[in-house]
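See below for the structure under consideration.
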Amino acid sequence: MPNPASPYRGRLAPSPTGHLHLGHARTFWVAAERARAAGGVLVLRNEDLDAVRFRLDFVAAMLEDLRWLGLVWQEGPDVGGPFGPYDQSGRRSHYRAALERLHAAGAIYPCTHSRRDVLEAIGAPHEGAGQDDEPVYPASLRPPADAPLPPLGDRVAVNWRLRVPDGEELRFLDGRFGEQRAVAGRDFGDFLVWRKDDVPSYQLACAVDDAAMGITEVVRGADLIRSTFRQLLVYRALRLAAPAFYHCPLMTDAAGQRLAKRHDALSLRTLREQCAKPEEITGKFLAEGTDGDLQ
Ligand code: GLU
């Protein structure tokens with residue numbers, strides 16, 4: 001039970017785009033353990049903005065799998081709470097309000113360049129970005145800083161990017177990995193806040209929600225460290241206080257490959273079907289500790 005005096009608010013933010021695997025389970029378990037140790041509240045947010053990959057049956061499956069694992073959240077789409085709705089698909093007005101503030105502040109600009117234009121401008125293949133990361137958007141493709149901004153329109157039909165402060169070194173103190181640094185414009189470039197199919201980007205939605213839901217510590221996989229830098233710029237542009245961050249080491253398979261939703265053999269579903277017990281799984285996590293790298 002959370003201690004009402006504890007200020008800690010943590011969250012689980014799964015995307016219903018596939019079945020959860022052991023890597024997710026471990027990250028979510030660490031998040032739940034940290035909230036529990038702090039006597040805090042754990043929020044579950046369903047990150048269902050990706051209409052192409054989203055499936056309703058995955059929403060039910062992820063909640064069921066996490067409950068099976070023994071995780072307990074005090075706020076979420078299935079249990080309600082004071083900061084709802086907890087499905088991102090129901091939170092559009094929050095994202096739109098944030099987009100309008102970014103627009104009014106001149107922090108964003110419309111971008112009509114395709115991914116191909118970007119890769120060509122930087123001479124792809126580009127080495128700066130990791131395999132899962134977007135290429136660093138070249139400053140040469142940006143409009144001048146003083147170019148007048150067109151209105152957003154009721155229905156957004158063009159990509160909007162946040163202009164990053166080129167050359168500025170950003171830092172944050174990660175609860176697991178210590179000080180993290182990245183240089184804007186070098187390690188990552190202007191990034192999408194809203195897509196031309198009128199859908200907010202992960203970076204915008206995530207930062208807006210973590211702030212609106214009063215999250216004090218974000219626990220997530222280390223693959224999102226670069227996204228954390230982007231989100232720090234979203235917080236700054238919206239004048240919102242950023243939470244603390246704790247990134248978990250990623251789990252790899254026997255061949256050293258990072259686990260992905262395609263690793264069906266290691267999905268919680270499959271493990272359940274093979275009669276694995278939740279205590280065996282969390283017991284293994286516990287034995288390795290919330291701090292240890294898991295192989
Ligand atoms: N929904 C994201 C994912 O499943 C995680 C977002 C986050 O924890 O910030 O990859």
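These figures come from a predicted structure and were not determined experimentally. Side-chain atoms are counted along with the backbone in the values below, which use heavy atoms only and exclude waters and symmetry mates. Whatever order the structure lists them in is the order used to number ligands and atoms, beginning at 1.
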Less than 4.0 Å is my threshold; does some heavy atom of Arg11 fall inside it relative to ligand 1?
yes
With atoms numbered from 1 as shown, which atoms in ligand 1 lie under 4.0 angstrom from a non-hydrogen atom of Tyr202?
6 (C), 7 (C), 9 (O)
Before we go on, tell me: are the rings of Phe83 and His94 under 6.0 Å apart, centre to centre?
no
Does the N or O separation between Pro14 and ligand 1 drop below 3.5 Å for any pair?
no
Under 4.0 Å from one or more heavy atoms of Glu47, ligand 1 contributes atoms 1 (N), 2 (C), 5 (C), 6 (C)
So that I can tick it off, tell me whether Asp65 and Arg272 are bridged by a salt bridge, with the cut-off set at under 4.0 angstrom between side-chain N and carboxylate O.
yes
Taking side chain to side chain contact (heavy atoms under 4.5 Å, CB included) as the test, write out the residues that go with Tyr109, two or more places apart.
Cys111, Tyr137, Arg142, Pro143, Leu149, Arg161, Arg163, Asp190
For Lys277, which residues count as a side chain to side chain contact (heavy atoms under 4.5 Å, CB included) partner, sequence neighbours excluded?
Glu279, Glu280
Looking at Arg220, which atoms of ligand 1 are within less than 4.0 Å of one of its heavy atoms?
7 (C), 8 (O), 9 (O)
Quick one: does Gln203's side chain get under 4.5 Å of Ser227's, heavy atoms only?
yes
Part of Cys206 with heavy atoms under 4.0 Å of ligand 1, whether side chain, backbone, both or neither:
side chain
